[in-house]
Amino acid sequence: MADDGPGPEPTPWVLGMIVTTACALFATFMVVGVYELIGGFARWLGVAAAVVVCGGLGWMLWDLRERPVWRWIVWGSLIGLLAGLGSSVALAVLGR
């Protein structure tokens with residue numbers, strides 16, 4: 001029997017979750033920041049800008065979700081985009 005070398009490397013769950021959390025927080029703050037910046041003029045325009053940012057970035061990131069290294073960044077960013085969009089809509093409803 002020939003030895004084909006070491007088996008597959010284990011998945012780095014702890015480091016991956018740290019990267020995912022950091023990307024989610026960054027994306028959330030980015031989308032809320034876009035809303036706050038544009039929503040200062042008109043709330044509906046701020047929500048529209050947040051939808052455009054989330055749609056554009058989400059569409060671009062979706063193709064990278066199955067790559068081994070990028071999956072942590074992509075899933076964290078997608079979660080952050082959804083959280084930021086939800087927060088933007090909630091801020092608009094609350095009148096901020």
Side-chain angles (χ1 to χ4, degrees):
M1 297 200 135
D3 186 19
D4 292 336
E9 294 183 18
T11 303
W13 285 101
V14 174
L15 185 59
M17 288 301 176
I18 292 170
V19 169
T20 300
T21 303
C23 289
L25 288 172
F26 178 77
T28 301
F29 293 146
M30 179 195 63
V31 173
V32 171
V34 166
Y35 167 77
E36 287 287 334
L37 181 68
I38 309 243
F41 303 111
R43 281 185 283 178
W44 65 271
L45 196 58
V47 173
V51 168
V52 168
V53 167
C54 290
L57 286 175
W59 185 265
M60 181 191 72
L61 290 170
W62 189 252
D63 289 336
L64 299 173
R65 73 186 185 282
E66 293 178 0
R67 298 195 181 179
V69 174
W70 281 92
R71 64 182 167 196
W72 304 108
I73 297 167
V74 169
W75 285 111
S77 298
L78 290 175
I79 291 167
L81 290 175
L82 288 175
L85 185 61
S87 299
S88 298
V89 170
L91 287 171
V93 169
L94 291 174
R96 281 205 60 209

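In what follows, residues are counted from 1 in the order of the sequence shown. From a predicted model like this one, the values you see are computed outputs, not experimental measurements.
Looking only at side-chain heavy atoms (C-beta outward), L78 and W62 come within less than 4.5 Å of each other. Considering only heavy atoms from C-beta on, L81 comes within 4.5 Å of M30 through its side chain. Counting heavy atoms from C-beta on, the side chains of E36 and L91 come closer than 4.5 Å. Counting heavy atoms from C-beta on, the side chains of S87 and V31 never come closer than 4.5 Å.
Nearest heavy-atom pair across S88 and V47 is O-CG2, 4.2 Å. The two residues V32 and G84 come nearest to each other via the heavy atoms CG2-O, 4.0 Å. Between R65 and R71, the closest heavy-atom pair is O-CB, 3.4 Å.
L61 and L85 fall into different hydrophobic clusters, where Ile, Leu, Val, Met, Phe, Trp and Tyr side chains are chained together by heavy-atom contacts under 4.5 Å. If you chain together hydrophobic residues whose side chains sit under 4.5 Å apart, W75 and L15 never meet in one group. Hydrophobic clustering (ILVMFWY, side-chain heavy atoms < 4.5 Å, transitive): V19 and F26 are in distinct clusters. Linking Ile, Leu, Val, Met, Phe, Trp and Tyr residues whenever their side-chain heavy atoms come within less than 4.5 Å leaves I38 and V52 in two separate clusters. Hydrophobic clustering (ILVMFWY, side-chain heavy atoms < 4.5 Å, transitive): M60 and L64 are in one cluster.
Side-chain atoms of T20 never come within 3.5 Å of backbone atoms of G76 as a donor-acceptor pair (strictly under, hydrogens ignored).
One distance of note links OG of S77 with CH2 of W70; it measures 9.0 Å at 0.5 Å rounding.
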